[in-house]
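First comes the structure, then the notes that go with it.
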Number of protein chains: 2
Amino acid sequence: MKGYLWTGGPGSSASEAPQVEGRLAPWEAIAVDAVGNVIEFWGFKRNQGRVWALLYLRGEPLTAGEIERELDLSKGGVSMLLRDLERWGVIQRVRLPQDTAWRYGAENDLVRMVTHVIEEREAGFVARIRADLAEARRLAETQDGLPPDRLQRLEKMATLAEHVERALRLFIKTSRLDVSGVLSVFRDEATGSRRGLK
Amino acid sequence: MKGYLWTGGPGSSASEAPQVEGRLAPWEAIAVDAVGNVIEFWGFKRNQGRVWALLYLRGEPLTAGEIERELDLSKGGVSMLLRDLERWGVIQRVRLPQDTAWRYGAENDLVRMVTHVIEEREAGFVARIRADLAEARRLAETQDGLPPDRLQRLEKMATLAEHVERALRLFIKTSRLDVSGVLSVFRDEATGSRRGLK
DNA sequence: GGTGCAGTTCAAGCGGTCTTGAACTATATG
DNA sequence: CATATAGTTCAAGACCGCTTGAACTGCACC
């Protein structure tokens, strides 16, 4: 949300930025940033999305140093970003036989990362909210002289929370299902070659 | 996400905080904070949720000053929070006949607020992503010597974005539907017991 | 062992949002 | 009109997460 207002839209600044080092093509820069923004929207770091996008677009594994240059990030930052992405299973670390440095390649399941992490988040989060509301209710019940309608409203609140929770779960599930279609398309591309892309 | 780690859970600190001014019952404090956390999770301000929760739990309209004291917020802050909430239609400003100050009462559709704002956000946001990816594609196409698989991956990326978008829309819709059931419960309560104001 | 490069860690700095508190406007009251 | 109380605005500051850059580890090769 926030990160999406910063600067000139597509074709304005990005097209002629005097990037000295990074040789990102303008179209790459735009796409990479778009993914960065999406990912930030979902509560991740913008640069996590940018790194994944770069790796995905390039198709072949890059080294940390290359990423650093292309995306104009710091050494340390790249290291941490890659660690996160690898832990989430959206990139893969490979060591080419004759090569001295690790290379990182994009997995295709960015979506799995999003749903997975959201799931995880949601689990702990929702559990906590639940517990809190339950606790509040317990406390409220032991308090005498409390108008019954107050308690009633508290209970309604808990109900509401449960429904929102259900909706969230549902979203994650459907989103994953819905997206599995896309993933299969991706996979086709990975193994075979072009064929009209649906 | 972030705001949910701050301090002792239910029953620890909250139960015996030496609140001098605010006479929030412990159970209220917990419930109010729970809502605050949920709302923050959805990208709003924590205190917006807290204010709404307080008003909702109390059932009767409060003045800005009361809210200020109960939730231990600043005068200016309360003013701004109330303005936001009112604009979103989740609280209502009422002036009781003999009263000198405005009072604020909770509407029951917090969920509508959430879905509504998310919808709005999403609209602009998604449009922008779309535009960016389209632009990237346009630029990429005009570039000659570009390996066809790169372009292909870019297109896949756009497809993915569309699917995520669809999932999001679906979520909002189902969430609203799902929740409308709860809302009707709320409404029953509202017309039944508090026909005093309005 | 020494040199150089890849990668990691983390304290410090930066940039962003949220809150505060004081100055201000508005409105009612004697 | 003076006073008081309610409400608004906004610059300054608190706060918090992200990024940086330097110090460090690990490893290969000479």
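Worth knowing before you read on, the calculation uses all heavy atoms, side chains too, and leaves out hydrogens, waters and symmetry mates. Proteins come first, then strands; the chains are lettered A, B, ... in the order of their sequence lines, and each starts at number 1.
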B/Arg93 side chain vs B/Glu86 backbone, donor-acceptor pair below 3.5 Å:
no

Taking all non-hydrogen atoms of both residues, which atom of B/Met157 and which atom of B/Leu133 are closest, and how far apart?
O-CD1, 4.3 Å

Hey, any chance B/Ile39 and A/Phe125 share a hydrophobic cluster, counting ILVMFWY side chains that come within less than 4.5 Å of each other, even indirectly?
yes

Expressed as a whole number of angstroms, how long is the span from A/Lys45:NZ to D/dT20:C1'?
12 Å

With heavy atoms under 4.0 Å as the rule, sort B/Arg103 into base, sugar-phosphate or nothing.
nothing

note: B/Glu68, atom CD; D/dG7, atom P; distance rounded to Å ~ 10 Å

Whole-Å distance separating the CG atom of B/Leu82 from the P atom of D/dT8
8 Å

Whole angstroms only, please: what is the CG-P distance between A/Asp99 and D/dC29?
12 Å

Does the protein touch nucleotides 20-29 of chain C at the base, only the backbone, or not at all? Give it as B, S and - per nucleotide, heavy atoms under 4.0 Å.
BB--------

Nucleic acid contacts of residues 84-91 of chain B, taken as heavy-atom distances under 4.0 Å to DNA chain D:
none

In terms of side-chain geometry, is the basic nitrogen of A/Glu135 or A/Arg138 positioned less than 4.0 Å from the acidic oxygen of its partner?
yes

Should the pair B/Glu66-B/Arg103 be classified as a salt bridge under the 4.0 Å nitrogen-to-oxygen rule?
yes

Rounded distance in Å - CD (A/Glu66) to P (C/dG7):
10 Å

Using salt bridge (charged side-chain N to carboxylate O under 4.0 Å, His left out) as the criterion, list what pairs up with A/Arg95, not counting sequence neighbours.
none

Counting only side-chain N and O atoms of B/Arg83, is one of them less than 4.0 Å from OP1 or OP2 of D/dT9?
yes

CG of A/Leu81 versus P of D/dC18: gap in Å, rounded?
10 Å

Minimal heavy-atom distance between A/Trp52 and A/Leu85, with the atoms involved, is N-CD1, 4.2 Å

Nearest-Å distance for atom pair CZ/C1', residues B/Phe44 and C/dC18:
16 Å

Spacing of A/Leu62 atom CG relative to C/dG7 atom P, expressed in whole Å
12 Å

Please step through ring pair (Phe, Tyr, Trp, His ring centres under 6.0 Å) for the pair B/Trp88 and B/Phe44, ending with a clear verdict.
CA-CA 12 Å; B/Trp88 292 330; B/Phe44 299 88; 5.4 Å; yes

Short question: side chain of A/Arg137, backbone of A/Leu154 - any donor-acceptor pair under 3.5 Å?
no

